[in-house]
Every structure is written in structure tokens, then in C-alpha cells.
Amino acid sequence: MRNDLIRERTIAELEAARARGRKGGRKPAMSDSGTKKANAMLSSPSITKKEVAEHFGISRTTLNSSLTRRVNE
């Protein structure tokens with residue numbers, strides 16, 4: 001019974017926050033402009049994803065996630 005009440009209140013608060021324009025979760029490691037720059041750098045065949053990731057100070061996995069997120073938007 002108590003868990004149901006906590007769950008209902010949590011859901012209500014999350015919906016209220018969304019209505020106010022708030023979004024939960026962690027912020028992306030790369031901005032949209034950084035992702036665009038990385039994509040431009042990768043158009044050159046002489047630069048690897050590893051080098052681009054090191055340039056931006058992120059992991060290759062994070063770079064791939066950022067590029068995928070940009071394509072899906």
C-alpha cells in the first residue's frame with residue numbers, strides 16, 4: 001500500500017516537471033556543435049574515430065553514441 005502511494009506521487013511529480021519543461025537525465029557529453037565538428041573531422045579518411053575522441057576528450061563509445069543520437073534526431 002505504501003509503495004503504491006510513493007509510486008503514484010513520483011509519477012505525478014515527474015509529469016508536473018515535464019509540463020514545466022524540465023527533462024530528467026544526464027546531459028550529453030558532446031554538444032550539437034561538437035558532434036557536427038566530429039562528423040566533419042571523420043569525413044577525412046586519414047583521421048580515425050580514436051583520434052577524434054581524444055581530440056574532444058571523450059571515449060570512442062561516447063563519440064559513437066553522440067553521432068548516433070545526431071543521426072536519429
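Just so you know, these numbers come straight off a predicted model, no measurement behind them.
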What is the distance from atom [atom1] of [X] to atom [atom2] of [Y], rounded to the nearest 0.5 Å?
X     : Y     : atom1 : atom2 : answer
Arg60 : Leu63 : CZ    : CG    : 9.0 Å
Met30 : Lys36 : CE    : NZ    : 12.0 Å
Asp32 : Ser66 : CG    : OG    : 9.5 Å
Thr35 : Asn39 : OG1   : CG    : 8.5 Å

Expected output: side-chain Glu51 to main-chain Thr48 donor-acceptor under 3.5 Å | yes
Polar side-chain atom of Ser44 near backbone of Met41 as donor-acceptor pair, under 3.5 Å | no
side-chain contact (heavy atoms from CB on, under 4.5 Å) between Thr62 and Ser65: does it pass, once the steps are laid out?
-> CA-CA 5 Å; Thr62 301; Ser65 297; 5.6 Å; no
Please lay out, stage by stage, how Lys23 and Arg18 fare under the test side-chain contact (heavy atoms from CB on, under 4.5 Å).
-> CA-CA 6 Å; Lys23 198 168 68 168; Arg18 279 189 215 103; over 6 Å; no
Closest approach of Ala38 and Phe56, non-hydrogen atoms and distance?
-> CB-CE1, 3.8 Å
Yes or no on side-chain contact (heavy atoms from CB on, under 4.5 Å) for Glu15 and Ile11, after CA distance, side-chain angles and deciding distance?
-> CA-CA 6 Å; Glu15 287 174 0; Ile11 290 171; 3.6 Å; yes
Using a 4.5 Å cut-off on heavy atoms from C-beta on, say whether the side chain of Leu67 contacts that of Leu42.
-> yes
Fellow cluster residues of Ile6, listed by chain then number, with links counted only when side-chain atoms sit under 4.5 Å apart | none
